[in-house]
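Every chain is numbered from 1, with letters handed out A, B, ... down the list of sequences. Remember, predicted model here, so these are calculated numbers, not experimental data.
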Amino acid sequence: EAAVTQSPRNKVAVTGGKVTLSCNQTNNHNNMYWYRQDTGHGLRLIHYSYGAGSTEKGDIPDGYKASRPSQENFSLILELATPSQTSVYFCASGGPGQGNQAPLFGEGTRLSVL
Amino acid sequence: GEQVEQLPSILRVQEGSSASINCSYEDSASNYFPWYKQEPGENPKLIIDIRSNMERKQIQELIVLLDKKAKRFSLHITDTQPGDSAMYFCAAEPGNTGKLIFGLGTTLQVQP
């Protein structure tokens, strides 16, 4: 069964600290995505990837880095976390061109930056 | 950048009636339009999608219409039930970028 697994599910970080959000998919999808969801802003694309070694900037990449070391794993890195990055983060895999599949979302990571 | 407008933001309907959500997009090259349903505290889940080579698609009580000329698409839920209460998002893929741009969402409340 197709699955996207995110870790951690909840994270409290301090301002200025480094945060790494991890995502693993077992679907053999080329495309992976990181979105954040905030009330009033819907789902906004931060970074995405077309495959291992590839990262692309989405619509709101500032303050975030991404890493795709393998087909299965895609990480989102906040080098210097700020309170404005408090949000729910969703990873997804699949997507247009992936056998006509819409992206499949993980369960989400709730991040609080204090 | 590319934007997807979604209206209304809140929709209240009586159980058994129909609900309609409308979206519009900017990029005329967009060719893929999925709809997601999100329950509180959960992740978005795909409920129906349509490609640009179709004008209408139906899965049980869900109907999606696409008007490429007007750059609009819509979701219609017939015979709504309390279990349909949730947040709904439309999305569009600009060009062949492989990424999705989402609307801001519609909170649907089905009242018994």
Trainee: Under the side chain to side chain contact (heavy atoms under 4.5 Å, CB included) criterion, do B/I101 and A/R44 qualify, and how do the steps go?
Mentor: CA-CA 7 Å; B/I101 305 301; A/R44 292 182 290 174; over 6 Å; no

Trainee: Which bit of B/Q6 is near chain A, if near means a heavy-atom gap under 4.5 Å: side chain, backbone, both or neither?
Mentor: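 Contact with chain A is absent: no heavy atom of B/Q6 under 4.5 Å.
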
Trainee: Between B/M54 and B/W35, is there a shared hydrophobic cluster once you connect ILVMFWY residues whose side-chain heavy atoms come closer than 4.5 Å?
Mentor: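 Linked within one cluster.
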
Trainee: Test of understanding: clusters of I, L, V, M, F, W, Y form through side-chain heavy atoms closer than 4.5 Å, transitively. Do B/I47 and A/V4 belong to the same one?
Mentor: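 No, it is not one cluster - the side chains of B/I47 and A/V4 are not joined through contacts under 4.5 Å.
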
Trainee: Is A/L45 close to chain B through its backbone or its side chain, or both, or neither, when contacts mean heavy atoms under 4.5 Å?
Mentor: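 When you check distances to chain B, only side chain atoms of A/L45 fall under 4.5 Å.
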
Trainee: Under a 4.5 Å heavy-atom cut-off, does chain A meet the side chain of B/L104, its backbone, both or neither?
Mentor: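 Answer is both: backbone and side chain atoms of B/L104 are under 4.5 Å from chain A.
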
Trainee: Do you know which of A/F90, A/Y33, A/Y35 makes ring pair (Phe, Tyr, Trp, His ring centres under 6.0 Å) with B/F102?
Mentor: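 Going through the options one by one, the only one that passes is A/Y35.
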
Trainee: For residues B/G98 and A/N31, report the shortest heavy-atom separation together with the two atoms involved.
Mentor: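 Where B/G98 meets A/N31 most closely, the heavy atoms are O-ND2, 3.6 Å.
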
Trainee: How many angstroms lie between CG in A/L43 and CE in B/M87, if you round to the nearest 0.5 Å?
Mentor: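 Between A/L43 CG and B/M87 CE, I get 9.0 Å after rounding to 0.5 Å.
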
Trainee: Do B/L108 and B/I59 share a hydrophobic cluster (ILVMFWY, side-chain heavy atoms under 4.5 Å, transitive)?
Mentor: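 Looking at the clustering, B/I59 is in the same group as B/L108.
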
Trainee: Can you say whether B/P34 sits under 4.5 Å from chain A via the side chain, the backbone, both, or neither, judging by heavy atoms?
Mentor: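 Contact with chain A is through the side chain of B/P34 alone.
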
Trainee: Under a 4.5 Å cut-off applied to non-hydrogen side-chain atoms, are A/Q37 and B/F89 in contact?
Mentor: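 The answer is yes; the side chains approach within 4.5 Å.
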
Trainee: With a 4.5 Å cut-off on heavy-atom pairs, point out which of B/P44, B/G105, B/S9 contacts chain A the most.
Mentor: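 Greatest number of close heavy-atom pairs with chain A: B/P44.
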
Trainee: More than 12 heavy atoms of other residues, nucleotides or ligands under 6.0 Å from CD of B/Q58: is that the case?
Mentor: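 Yes, because the 6.0 Å sphere around CD of B/Q58 holds more than 12 heavy atoms from other groups.
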
Trainee: Does NZ in B/K45 sit with more than 12 non-hydrogen atoms of other residues, nucleotides or ligands closer than 6.0 Å?
Mentor: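 Buried by this count: over 12 neighbours within 6.0 Å.
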
Trainee: Please report the shortest heavy-atom distance between B/Y36 and A/P103, naming the atom on each side.
Mentor: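 Closest approach of B/Y36 to A/P103: OH-O, 2.6 Å.
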
Trainee: Please answer whether the main-chain N or O of A/G108 pairs with a side-chain N or O of B/N43 as donor and acceptor at a distance below 3.5 Å.
Mentor: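 Side chain of B/N43 to backbone of A/G108, a donor-acceptor pair under 3.5 Å: no, none is there.
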
Trainee: Which region of A/E56, side chain (C-beta onward) or backbone (N, CA, C, O), has a non-hydrogen atom less than 4.5 Å from a non-hydrogen atom of chain B, or is it both or neither?
Mentor: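 For A/E56, no heavy atom lies under 4.5 Å from chain B.
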
Trainee: Give the cluster check for B/I77 versus B/L46: same hydrophobic cluster or not, with ILVMFWY residues linked at side-chain heavy-atom distances below 4.5 Å.
Mentor: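 Different clusters: B/I77 never reaches B/L46 through Ile, Leu, Val, Met, Phe, Trp or Tyr contacts under 4.5 Å.
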
Trainee: Restricting to pairs with a member in residues 81-112 of chain B, which pass disulfide (SG to SG under 2.5 Å), not counting sequence neighbours?
Mentor: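 Sorted pair list: B/C23-B/C90.
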
Trainee: Just how far is it from atom NE2 of A/H47 to atom NZ of B/K99, taken to the nearest 0.5 Å?
Mentor: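 Answer for the NE2-NZ pair, A/H47 versus B/K99, is 12.0 Å.
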
Trainee: Is there a path from B/Y32 to A/L104 through hydrophobic residues (I, L, V, M, F, W, Y) whose side chains come within less than 4.5 Å of each other?
Mentor: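 B/Y32 and A/L104: separate clusters.
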
